[in-house]
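Below you'll find the structure, written out as structure tokens, and then a few comments.
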Amino acid sequence: MTIDSHAHLEMEAFGPDRDAVVGRAREAGLEAIITVGTTLADCERAVELAGRYLMVYAAVGIHPHEVKEIGNGTYDALRLLARRDKVVALGEIGLDFFYDLAPRELQIQRFREQLDMAQELDLPVIIHDRDAHAETLGILRPRRGRLRGVLHCFSGDAAMARECLDMGYYLSVAGPVTYRTADALREVVRGIPTERLLVETDAPYLAPQPYRGKRNEPAYVVETVRRVGEIKGLSAAEMGALTAANARRLFGLNGARAEGQEGIR
Ligand code: NI
């Protein structure tokens, strides 16, 4: 049993066979999948999917690549979506200075605004940080104690990991931890306390070995769980159970909020 804490089931890559993808995740022993919106339209689809599949939960937010689409009414629409059933986080939000698809100043502004929204709505955040470690930390530091959440597909060094852990964040590990050349990442993972680790696929992206280069899907998270377990000296079953418990705790899954609403639909 484990939980894929970050996938993009709403994306077109899953259009032809989404039911089968969710079915394979269940067969692989997953207990839940959090599907994470990146545009307003995809956030709406993510919330729909959470309504359609018992094991799927949604997060809503505007990805740093997409912040140019934010206009009048975008945040009002996000707030409404954030209050829907089985929406468990605000994300994915953050900074991407690798692709730089939006101006950096705008990314920073939109990241701050969406963090404010998470505080206002009392939701955990799912943070995307690529090549913007110093800026991300600089934005999170003054909000210490007022936000909770996860740095998804964590790519910082051990010092950054320590600071994020110190601020109370969880760190999520994705498929790259299985890649031959990822020794530095594995070393960072070795130092993360197991009670703060999450696992994810980021599907359809970042497929773990032996699927690297193919479309990723939530069932493949078991490969990442196994590799992280090896690093931590734990079995895949133990690692899966620990990361599932962590995800449940952070996102409030299987609690009154999530379960009470299943019956309504
Ligand atoms: Ni993602």
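- In this structure, D96 contributes its side chain and A102 its backbone to no donor-acceptor pair below 3.5 Å.
- Tracing side-chain contacts under 4.5 Å through hydrophobic residues (I, L, V, M, F, W, Y), one reaches L242 starting from F154; they form part of the same cluster.
- Considering only heavy atoms from C-beta on, R212 stays 4.5 Å or farther from T178 through its side chain.
- Screening residues 148-166 for side chain to side chain donor-acceptor pair (under 3.5 Å), with sequence neighbours left out, gives H6-H152, E92-H152, D122-R148, R141-E163, R144-D166, H152-E200.
- Within the 4.5 Å cutoff, side-chain heavy atoms of T194 are placed close to those of L234.
- Counting only heavy atoms from C-beta outward, the side chains of T2 and L30 approach each other to under 4.5 Å.
- K232 has no carboxylate O lying under 4.0 Å from a charged side-chain N of E238, or vice versa, which leaves the two without a salt bridge.
- Judged purely by atom type and a 3.5 angstrom limit, R186 uses its side chain to pair as donor or acceptor with the backbone of V177.
- The number of heavy-atom neighbours closer than 6.0 Å to CZ of F97, taken from other residues, nucleotides and ligands shown, is above 12.
- Using modelled atom types, one side-chain atom of R18 and one backbone atom of M11 make a donor-acceptor pair closer than 3.5 Å.
- Listed by chain and residue number, M1, I3, A244, R248, N254 satisfy the side-chain contact (heavy atoms from CB on, under 4.5 Å) test with E31 (two or more places apart in sequence, or in another chain).
- Annotation: side chain to side chain donor-acceptor pair (under 3.5 Å) contacts involving residues 66-78, sequence neighbours excluded, comprise Y75-E113.
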Practice task
Given side-chain contact (heavy atoms from CB on, under 4.5 Å), test R196 with N246 step by step and report yes or no.
Solution key: CA-CA 7 Å; R196 293 288 195 83; N246 295 342; 5.9 Å; no
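- A donor-acceptor pair under 3.5 Å is absent between the side-chain atoms of K86 and the main chain of A58, judged by distance alone.
- Cluster partners of F98 are Y99, L101, counting Ile, Leu, Val, Met, Phe, Trp and Tyr whose side-chain heavy atoms approach within less than 4.5 Å, directly or via other members.
- Between the H63 side chain and the H65 main chain, a donor and an acceptor come within less than 3.5 Å of each other.
- Salt bridge R104/D100: present, at least one basic N to carboxylate O contact under 4.0 Å.
- Listed by chain and residue number, A20, V21, R24, R215 satisfy the side-chain contact (heavy atoms from CB on, under 4.5 Å) test with D17 (two or more places apart in sequence, or in another chain).
- Using a cutoff of 4.0 Å between basic side-chain nitrogens and carboxylate oxygens, E48 and R45 are not scored as salt-bridged.
- Looking at Y57 and V87, their side chains never come closer than 4.5 Å, going by heavy atoms from C-beta outward.
- Residues V188 and Y179 fall into different hydrophobic clusters, defined by Ile, Leu, Val, Met, Phe, Trp and Tyr side chains chained together at heavy-atom separations under 4.5 Å.
- Nearest heavy-atom pair, P208 versus Y220, reported as atom, atom and distance to 0.1 Å: CG-O, 3.5 Å.
- Two residues are said to be in side-chain contact when any heavy atoms from C-beta on lie closer than 4.5 Å; F111 and E135 fail this criterion.
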Problem - Trace of the side-chain contact (heavy atoms from CB on, under 4.5 Å) decision for V199 with D4 - result: CA-CA 6 Å; V199 288; D4 182 358; over 6 Å; no
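- By the 4.5 Å heavy-atom criterion applied to side chains, E217 and P204 are not counted as neighbours.
- Put simply, OG1 on T201 and CG on N216 are 5.0 Å apart, with the number rounded to the nearest 0.5 Å.
- Side-chain contact between R79 and R83 is present, with at least one heavy-atom pair separated by less than 4.5 Å.
- At a threshold of 4.5 Å between side-chain heavy atoms, the hydrophobic network of Ile, Leu, Val, Met, Phe, Trp and Tyr places M55 and V225 in one connected group.
- For the pair T35 (side chain) and L9 (backbone), a donor-acceptor distance under 3.5 Å is present.
- The distance from atom CG of L137 to atom SG of C164, rounded to the nearest 0.5 Å, is 5.0 Å.
- Side-chain contact check for I139 versus L95: some heavy-atom pair is nearer than 4.5 Å.
- Under the side-chain contact (heavy atoms from CB on, under 4.5 Å) criterion, E187 pairs with R190, not counting sequence neighbours.
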